[in-house]
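Predicted, not measured: the structure shown is a model, and the values here were computed from it. Counting convention: from 1, in listed order, for ligands and their atoms alike.
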Amino acid sequence: MGKSSSSQAVAASAPAAGAEPLAPVSERVVVPVVIDAPQYSGLKAALDYLSERPLLPGTLLRVPLGRREVLGVAWDARPGEGSAVPEGVMLREVAAVFDALPPLPAAWRELVDFAASYYQRSPGEVALAVLPPELRTLSATQLDRRLKRLRARLLPPSGEHSALPDPSAEQAQVLQALAGTAANASVTLLHGSTGSGKTEIYLREAQRVVEAGRQALVLVPEINLTPQLEERFLARFPGRRVVSLHSGLTPARRLKHWLMVLLGEADLVLGTRLAVFAPLPRLGLVIVDEEHDPSYKQQEGARYSARDLAVVRGRIEGVPVLLGSATPSLESWHNALPVAEGGAGRYARLTMAARIGGGVLPAVRLVDMSRLPKEVLRDSALSPALLGALRERLARGEQSLVLLNRRGYAPVLHCTECGWKSACAHCSAWRVFHKLDRTLRCHHCGLTERVPRACPDCGNADIQPTGRGTERLEEQLALALPGARVGRIDADTTRRSGALEAELARVHAGEVDVLVGTQMIAKGHDFRRMTLVAAVNPDAALFSSDFRAPERQFSLLMQAAGRAGRAAEQADRAEMWVQTWHPQHALYAALRTHDYAAFAQAQLAERRSAGLPPHTHLALLRADAREQAVAQAWLRVVSDEARELAEQHQVALYPPVPLSVQRVADMERAQLLVESASRPALQRFLAAWDATLRHKRPEQKGLLRWAVDVDPLAI
Ligand code: ADP
Ligand code: ZN
Ligand code: ZN
C-alpha cells in the first residue's frame with residue numbers, strides 16, 4: 001500500500017495535466033502484461049508496459065495495442081528479470097488499472113501458464129479466453145460501479161437444509177475412503193453405475209469442504225442439459241452461495257458470477273469446462289462429473305481438456321480431485337488401474353456397483369436386424385418386436401425413450417432420375433433435410449436454403465429423402481403408435497431458450513409417452529417413469545475410422561440404459577433395446593452384462609497393440625487454406641524442417657492428410673499427426689518445433705491459419 005501511494009504522490013506532483021507524466025524514470029516500473037493473441041499471430045510472451053507504480057501480478061488492466069486499447073493481466077516477471085526500466089527502449093504506458101478488483105490468484109496464473117505451455121499457446125490467449133467477455137468492454141469506472149452494485153445487493157444467504165438421505169452401504173464406504181484423502185492432492189476415480197448415487201457423494205463431499213470454510217468447484221459437461229442437477233445443488237446448499245459459470249449465461253450475469261467467485265463470496269461453483277479456470281481464492285475440492293464426456297475438451301482457440309486441467313489444478317493447489325463416471329474415459333481408467341493390472345496406478349479407484357434402492361440395471365435385448373425381411377424395414381426404422389415392446393409400455397402407462405444420434409428428417413435428399421444429392425456448396429458434406437420448415441441445412445457451415453421444388457440438375461420433381469434422423473423417426477413413431485404422445489429433444493427443438501426445460505418438464509410430468517432424441521436425452525436425467533430405452537441404429541460407431549468411436553458409443557448406450565428403471569418399483573421390467581446388424585459384436589456383449597471393466601480391458605488391449613492413447617501420446621498440427629495442396633504443402637515443409645528434432649526427441653511425424661470432413665465453409669483442412677511414447681518427450685518436441693511453425697508461417701502463400709491440438713479427441 002505504502003509503495004503505491006508514494007508513487008501516486010510522485011505522479012500527482014508531475015506538471016500540467018495533458019502532458020506526458022514526468023515522474024522520475026527511476027520511479028516507473030516495467031510490468032509484463034499478457035493480452036489476447038492467438039497462436040498464429042506469433043506473439044507468445046508477455047508484453048512489457050510502463051507503469052507509474054508497481055502492480056501486483058494478476059492485476060487486471062487496460063493497455064494500448066497498436067491503435068486499440070485492450071484488456072490485459074499483469075503477469076509474473078520472467079525469472080531473472082527485474083522491473084527496472086531499460087534504457088533506450090520505448091515502452092508504452094498502462095492505460096488503466098482495475099484497482100477495485102483483487103489480483104487474480106497466483107494458483108490461477110500458474111494454471112494458465114501450465115495450460116499455455118502444455119497446449120502450445122500464449123498465456124494471454126488462455127487467460128483472456130477464460131475471463132468473462134464483458135470485462136473487455138468495461139472501463140475501470142464502469143467496473144467500479146458494477147462492483148458497488150454487486151456488493152450492495154449481496155443478500156446474506158438464507159434457507160433451510162433439505163433433509164439428508166442416509167447413505168447407502170456403498171456410499172458410506174466411498175465417503176469413508178474419501179475422508180482419508182481430504183487433506184491432500186490425491187485424485188480419485190469414482191466408478192459408479194448410473195443411479196448408484198454418485199451425485200449424492202458429490203453433494204456430501206462439497207458440503208464437507210464448504211463447512212470447513214473452503215470452496216468447492218463442481219464441473220459438469222453441459223449445465224443446460226441437466227437443469228435438475230443445478231436444482232439439486234441449490235436445494236442442498238440453501239445457506240450458501242452457489243453460482244453457475246458457463247457460456248449460456250448472459251454476459252452481465254457471467255461477469256457477476258465470476259466477480260462473486262473472485263471476491264470469495266461464492267461457496268460453490270457449478271460450471272462447464274471454462275469453470276476449471278474459476279479464480280477461487282479458497283479452493284478445497286474439485287469434482288468432475290461425467291469425467292468421460294467429450295465436451296470437456298475445448299474445440300477451438302486454446303484446445304484444453306478441462307478434465308485434465310482439473311487434475312493439474314488439484315496438484316497446484318494441493319486439493320483433492322474427484323472424477324466420477326459410470327463409463328470413465330479409457331485415459332482415467334488406465335490411470336486408476338493398479339500397476340499390477342497393467343495400469344498406471346496414478347489415481348485411487350472407488351466403485352459403486354449397485355443402484356440406489358436395490359434396482360437392477362435394465363435387461364439388454366439385441367434385435368438382429370439382418371434376420372428381418374427387407375420389406376419390413378423399407379418404410380420404418382423400427383422392428384416389429386421393438387414396436388411391440390413400445391406398445392406394451394403405452395398400455396401400462398409407462399414411458400419410453402428412443403435414441404437416434406442424428407437430427408433432422410433425413411441426412412440427404414436425392415433425385416430418383418439423375419442421382420443429384422443435396423451437397424453443400426461450401427463443404428464436403430451433404431445438407432440435411434429438415435421437413436418442418438422444408439429446408440436443407442448444412443450442419444457444418446450452417447448454409448440453409450428452401451428445399452427445391454424439383455431437382456436442380458434435371459428438373460425431376462421426385463426428390464426423395466435417404467436415411468433418417470430424429471424428425472423422421474418422430475413422424476414414424478406417431479404413425480405406428482396411434483394415440484401416443486411423442487416428444488422430441490434435439491438441438492433443433494431446443495434452440496429457443498427455455499425450450500429444453502419446458503420439454504423436460506413435460507416428460508417428468510408424464511405428459512410424454514415416447515421421447516425421441518439425440519444424445520441430449522441420454523445424459524444425466526433422472527426420469528422416474530421410463531421403463532424402455534431403445535437405440536435404433538447404433539452400428540455406425542463399430543466401423544468408424546475414429547479410434548474413440550467405440551468408447552463414445554459404449555458410454556452413450558450405458559448412459560441411455562441408465563435412464564430406464566430409475567424408480568425401484570419398475571426396475572425389474574426395465575429394458576434396453578438395441579437394433580443391430582452385428583449382434584455378435586464385443587461392444588454389445590459387454591453392454592448386455594453392463595460390464596464396463598471388460599469393455600475397457602478389451603479396448604485398452606486394442607489400443608496398446610495399435611499404439612494409440614493412453615499408451616501413446618498424440619498431437620495434431622492443423623492447417624487451413626483455400627486449397628488443400630497449400631495446406632498440405634506447409635505441413636510438409638514444417639515436417640521436413642523438424643526431421644532431426646523429431647528423431648532426437650523420439651517423436652514420429654506422419655504424412656499430412658486431409659481431415660475426414662475435408663472442406664468446411666470453403667476452407668480446405670489438413671492435418672499432420674505427431675506421436676510419441678512419452679508425454680514429456682512430445683512436450684519438449686512441440687515446444688522446440690514452435691519456433692519453426694512461427695518462422696515458416698509467412699513463407700507459405702495462401703495459408704490461412706494453423707493450430708496445434710495436444711491430446712486431440714479425434715484423429
Ligand atoms: P448417479 O449420479 O450415480 O446417477 P444419483 O445420485 O442421481 O445417482 O442417485 C440416483 C437417485 O437415488 C436419485 O434420485 C437420488 O436422489 C437417490 N439417492 C441417492 N442417494 C440416496 C440415498 N442414500 N438414499 C436415498 N436416495 C438416494
Ligand atoms: Zn435430377
Ligand atoms: Zn456447409
Side-chain angles (χ1 to χ4, degrees), residues 162-175 190-206 218 220-221 226 228-229 231-233 235-236 287-291 322 324-328 350-359 361 412-432 439-449 452-464 508 522-530 558-568 571 661-669:
S162 57
L164 276 183
D166 287 332
S168 68
E170 279 186 331
Q171 283 174 332
Q173 271 171 12
V174 164
L175 289 169
L190 175 58
H191 175 219
S193 314
T194 50
S196 63
K198 293 184 294 297
T199 311
E200 184 60 32
I201 299 286
Y202 307 152
L203 288 164
R204 289 203 175 234
E205 282 299 290
V218 182
V220 295
T226 47
Q228 242 185 341
L229 185 71
E231 280 162 29
R232 257 172 101 179
F233 271 88
R236 189 58 75 82
I287 292 171
V288 185
D289 183 24
E290 309 290 5
E291 66 89 30
L322 180 58
S325 175
T327 51
L350 299 172
T351 308
M352 297 197 301
R355 279 188 137 181
I356 292 290
L361 286 163
V412 55
L413 284 186
H414 76 278
C415 165
T416 52
E417 269 309 307
C418 76
W420 169 88
K421 283 181 164 182
S422 55
C424 176
H426 307 286
C427 306
S428 44
W430 306 121
R431 278 181 302 163
V432 176
T439 54
L440 284 176
R441 276 189 236 159
C442 175
H443 289 184
H444 296 277
C445 72
L447 176 71
T448 302
E449 281 172 355
R453 288 188 187 287
C455 169
D457 282 2
C458 75
N460 169 26
D462 188 22
I463 315 181
Q464 290 292 332
H508 289 302
K523 292 182 179 177
H525 308 289
D526 196 9
F527 298 127
R528 309 303 297 181
R529 303 161 204 249
M530 207 68 89
M558 288 279 276
Q559 285 290 326
R563 297 318 106 206
R566 293 181 73 83
V661 180
Q662 178 176 333
R663 191 161 48 98
V664 167
D666 291 322
M667 189 86 81
E668 284 285 336
R669 315 184 305 165

With the side chain counted from C-beta on, respond yes when [X] and [Y] share a heavy-atom pair under 4.5 Å apart, and no when they do not.
X      : Y      : value
Ile201 : Leu322 : yes
Trp420 : Cys458 : no
Asp462 : Glu417 : no
Arg204 : Leu164 : yes

Determine, step by step, whether Arg431 and Glu449 satisfy the side chain to side chain contact (heavy atoms under 4.5 Å, CB included) criterion, reporting the C-alpha distance in whole Å, the side-chain angles of both residues, the deciding distance to 0.1 Å, and the verdict. CA-CA 9 Å; Arg431 278 181 302 163; Glu449 281 172 355; 3.0 Å; yes
message = What count do you get for protein N, O or S atoms closer to the Zn ion (ligand 2) than 2.8 Å?
response =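 Considering protein N, O and S only, the Zn ion (ligand 2) has 4 within range.
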*Between the Zn ion (ligand 3) and His444, is there an N, O or S atom separated by less than 2.8 Å?*
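It does not: His444 brings no N, O or S atom closer than 2.8 Å to the Zn ion (ligand 3).
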Using a cut-off of strictly less than 2.8 Å, determine whether Cys445 has an N/O/S atom near the Zn ion (ligand 3).
->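 For Cys445, the answer is yes, given that an N, O or S atom comes within less than 2.8 Å of the Zn ion (ligand 3).
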Taking the Zn ion (ligand 3) as the vertex, how big is the angle to SG in Cys442 and SG in Cys424, rounded to 10°?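 Rounding to the nearest 10 degrees gives 110°.
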Just one of Val288, Ile287, Asp289 clears the side-chain contact (heavy atoms from CB on, under 4.5 Å) bar with Glu291, so which one?
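Among the candidates, only Val288 passes.
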Looking at [X] and [Y], what are the two nearest heavy atoms and their distance?
X      : Y      : result
His191 : Pro328 : CD2-CD, 3.7 Å
Glu290 : Tyr202 : N-OH, 4.4 Å
Pro167 : Ala172 : CB-N, 4.0 Å

- Query: In Å, rounded to the nearest 0.5 Å, how long is the span from CD of Gln171 to CG of Leu350?
  - Reply: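 Rounded to the nearest 0.5 Å, the CD-CG separation comes to 12.5 Å.
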(request) Run the salt-bridge test on Arg236 and Glu200 with the 4.0 Å N-O cut-off and return the result as yes or no. (result)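 So Arg236 pairs with Glu200 through a salt bridge.
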N/O to N/O under 3.5 Å, ligand 1 against protein:
unit_1: ligand 1; atom_1: 2 (O); unit_2: Thr199; atom_2: N; d: 3.2
unit_1: ligand 1; atom_1: 2 (O); unit_2: Thr199; atom_2: OG1; d: 2.7
unit_1: ligand 1; atom_1: 3 (O); unit_2: Ser196; atom_2: N; d: 3.3
unit_1: ligand 1; atom_1: 3 (O); unit_2: Gly197; atom_2: N; d: 3.1
unit_1: ligand 1; atom_1: 3 (O); unit_2: Lys198; atom_2: N; d: 2.8
unit_1: ligand 1; atom_1: 3 (O); unit_2: Lys198; atom_2: NZ; d: 2.9
unit_1: ligand 1; atom_1: 4 (O); unit_2: Gly195; atom_2: N; d: 2.8
unit_1: ligand 1; atom_1: 6 (O); unit_2: Thr199; atom_2: N; d: 3.1
unit_1: ligand 1; atom_1: 6 (O); unit_2: Glu200; atom_2: N; d: 3.4
unit_1: ligand 1; atom_1: 6 (O); unit_2: Arg232; atom_2: NH2; d: 3.2
unit_1: ligand 1; atom_1: 7 (O); unit_2: Arg232; atom_2: NH1; d: 2.9
unit_1: ligand 1; atom_1: 8 (O); unit_2: Gly197; atom_2: N; d: 3.1
unit_1: ligand 1; atom_1: 14 (O); unit_2: Asp526; atom_2: OD2; d: 2.9
unit_1: ligand 1; atom_1: 14 (O); unit_2: Arg528; atom_2: NH1; d: 3.4
unit_1: ligand 1; atom_1: 20 (N); unit_2: Gln171; atom_2: NE2; d: 3.1
unit_1: ligand 1; atom_1: 23 (N); unit_2: Asp166; atom_2: O; d: 2.7
unit_1: ligand 1; atom_1: 23 (N); unit_2: Gln171; atom_2: OE1; d: 2.8

